[in-house]
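To start, the structure itself, in structure tokens.
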Amino acid sequence: MNIAFIGLGIMGSRMASNLIKSGRRLNVYNRTKSKANGLGSNALVKDTPADAVKDAGVVFTMLSTPQAVKETALGENGFLNAMESGSIWVDSSTVNPSFTKLMAEEAKKRNVRFIDAPVAGSKIPAENAQLVFFAGGDKKDVDEVMHLLEVMGKKVVYTGANGTGASMKMIANTLLGQCMLAFAEAVLFGEALGFDKNFLFENLTSLPVTAPFCAAKTEKIDKEDFSPEFPLQWMQKDLELASETAYECNTALPSLSNTKELYALAKRQGMAEMDISAIYKFLKKSE
Ligand code: NAP
């Protein structure tokens with residue numbers, strides 16, 4: 001079966017690389033073509049999204065925002081009209097459930113099967129094929145691509161109909177954004193009370209109240225090296241999308257609302273492309 005992969009950023013390049021390492025040849029497309037350079041000769045680099053999906057049975061997308069997905073799928077040289085009838089589009093981008101349902105409808109109009117399969121896990125889990133997929137769609141379709149998801153991840157959670165994968169991802173990132181902020185705030189609080197950063201890292205990360213991923217962020221905070229694993233601008237985007245989703249289902253996320261505005265301010269202060277742990281830098285600057 002021919003496979004296409006569209007979107008070779010931090011996550012997509014590593015996911016595509018794992019598919020290639022499993023012995024497959026891929027058609028790939030990225031807006032900035034040079035990002036495909038590291039993938040080797042089993043990645044056939046195409047000039048447009050439409051070119052990439054010709055003859056593909058499965059098309060993966062890993063793009064930044066709903067707008068990016070829409071432009072790449074339905075814009076000039078978009079891939080959706082070029083997909084084979086009966087083929088499967090797996091969108092792993094983090095987008096909101098209502099957007100995902102619109103894409104599922106667009107796909108269906110063209111007799112393309114659609115799976116929303118966003119991921120939990122960042123740059124290193126993507127590299128090590130340790131991602132967790134939240135897969136929404138027809139169960140038979142998810143089963144059909146399971147062997148490919150398993151090449152890129154350690155777990156695939158079937159969540160139900162289209163939109164439920166995206167819903168789970170909104171919920172997970174509601175936790176991620178707030179846990180990162182809470183950890184950064186706690187470390188700064190500790191420093192203000194006279195503790196050494198490394199003493200705080202050691203003693204906070206061993207507590208059950210600290211989210212396990214925070215341990216992986218301590219080196220970045222320590223060295224103040226905020227090179228991106230998960231760009232802060234995408235965290236802010238995810239919290240914004242979660243907030244819109246909460247409005248649509250008539251619930252309230254009061255704590256998330258505050259958190260998302262802090263990430264928005266950090267983004268405005270030049271931290272958009274830094275790692276989410278740069279929220280520490282932002283809070284420190286604001287003291
Ligand atoms: P990234 O490195 O910034 O990559 C974004 C990708 O989207 C690039 O391929 C970029 O192309 C493409 N893109 C953006 N706007 C576009 C447009 N208008 N048209 C065509 N392509 C466009 O981001 P990432 O970290 O890989 O994240 C990708 C997705 O995964 C996001 O939805 C993010 O929220 C989600 N995610 C990220 C992580 C993480 O830890 N990094 C974890 C889980 C989920 P160019 O190269 O040309 O800019």
Side-chain angles (χ1 to χ4, degrees), residues 4-18 28-39 43 45-53 59-80 90-97 99-100 103 116-135 152-155 165-166 168-177 179-180 213 216-217 220 226-242 260 263 267 271-278:
F5 205 108
I6 295 175
L8 302 169
I10 293 172
M11 298 297 282
S13 58
R14 289 167 174 82
M15 293 162 74
S17 170
N18 283 330
V28 299
Y29 169 81
N30 196 59
R31 182 180 61 177
T32 309
K33 216 174 179 179
S34 58
K35 289 194 187 167
N37 287 348
L39 289 175
V45 185
K46 300 293 177 178
D47 288 330
T48 68
D51 288 343
V53 303
V59 174
F60 288 96
T61 45
M62 191 48 161
L63 297 158
S64 51
T65 60
Q67 194 54 35
V69 174
K70 192 172 173 190
E71 274 174 38
T72 313
L74 296 165
E76 200 185 340
N77 293 315
F79 64 82
L80 201 48
V90 182
D91 186 22
S92 286
S93 322
T94 303
V95 293
N96 48 319
F99 173 80
T100 246
M103 289 301 104
D116 43 306
V119 299
S122 193
K123 178 181 163 182
I124 307 298
E127 202 157 300
N128 297 335
Q130 292 292 302
L131 296 171
V132 175
F133 286 90
F134 296 120
M152 298 181 279
K154 63 174 177 186
K155 187 173 176 187
M168 266 308 289
K169 181 64 185 161
M170 293 288 101
I171 299 164
N173 276 16
T174 294
L175 278 172
L176 175 64
C179 290
M180 185 71 254
F213 82 90
K217 297 295 184 191
K220 289 189 160 300
F226 298 109
S227 51
E229 290 176 358
F230 183 10
L232 185 143
Q233 61 182 337
W234 304 148
M235 183 77 259
Q236 188 253 342
K237 172 258 310 181
D238 294 352
L239 297 177
E240 195 59 49
L241 295 177
K260 84 180 168 64
Y263 281 100
K267 183 175 141 185
M271 295 167 203
E273 291 180 14
M274 294 181 191
D275 187 66
I276 51 165
S277 49

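From a predicted model like this one, the values you see are computed outputs, not experimental measurements. In listed order, ligands and their atoms are each counted from 1. Throughout, numbering of the chain's residues begins at 1 and tracks the sequence.
Distances between N or O atoms of Ser92 and those of ligand 1 include no value under 3.5 Å. For ligand 1, one of its N or O atoms has an N or O atom of Thr94 under 3.5 Å away. In terms of polar-atom proximity, Ile10 is counted as a contact of ligand 1, with an N or O under 3.5 Å from an N or O of the ligand. No N or O atom of Val119 sits closer than 3.5 Å to an N or O atom of ligand 1. Considering both main-chain and side-chain atoms, Lys169 never comes within under 3.5 Å of ligand 1 through any nitrogen or oxygen pair. At a 3.5 angstrom cut-off on N or O pairs, Ser93 does not count as close to ligand 1. Backbone and side-chain nitrogen or oxygen atoms of Leu63 are examined, and one is located within less than 3.5 angstrom of a nitrogen or oxygen of ligand 1. Residue Pro231 has no nitrogen or oxygen atom sitting less than 3.5 Å from a nitrogen or oxygen atom of ligand 1, judged on distance alone.
In the candidate list Lys35, Glu71, Lys70, Glu71 is nearest to atom 18 (N) of ligand 1, counting heavy atoms. Of the candidates Asn173, Ile6, Val69, Asn30, it is Asn30 that places a heavy atom closest to atom 10 (C) of ligand 1. Of the options Ser64, Ser122, Pro228, Ala172, the smallest heavy-atom separation from atom 14 (C) of ligand 1 is shown by Ser64.
At least one heavy atom of Lys237 sits closer than 4.0 Å to an atom of ligand 1. Within the structure, the closest approach of Gly121 to ligand 1 falls below 4.0 Å when heavy atoms are considered.
Side-chain N or O atoms of Lys169 include one that pairs as donor or acceptor with a backbone N or O of Val119 at under 3.5 Å.
Applying the 4.0 Å criterion to heavy atoms of Glu229 picks out, from ligand 1, the atoms 39 (C), 40 (O), 41 (N).
A salt bridge links Lys33 to Asp47: at least one charged side-chain nitrogen sits closer than 4.0 Å to a carboxylate oxygen.
With a heavy-atom cut-off of 4.0 Å, Asp238 touches ligand 1 through its side chain alone.
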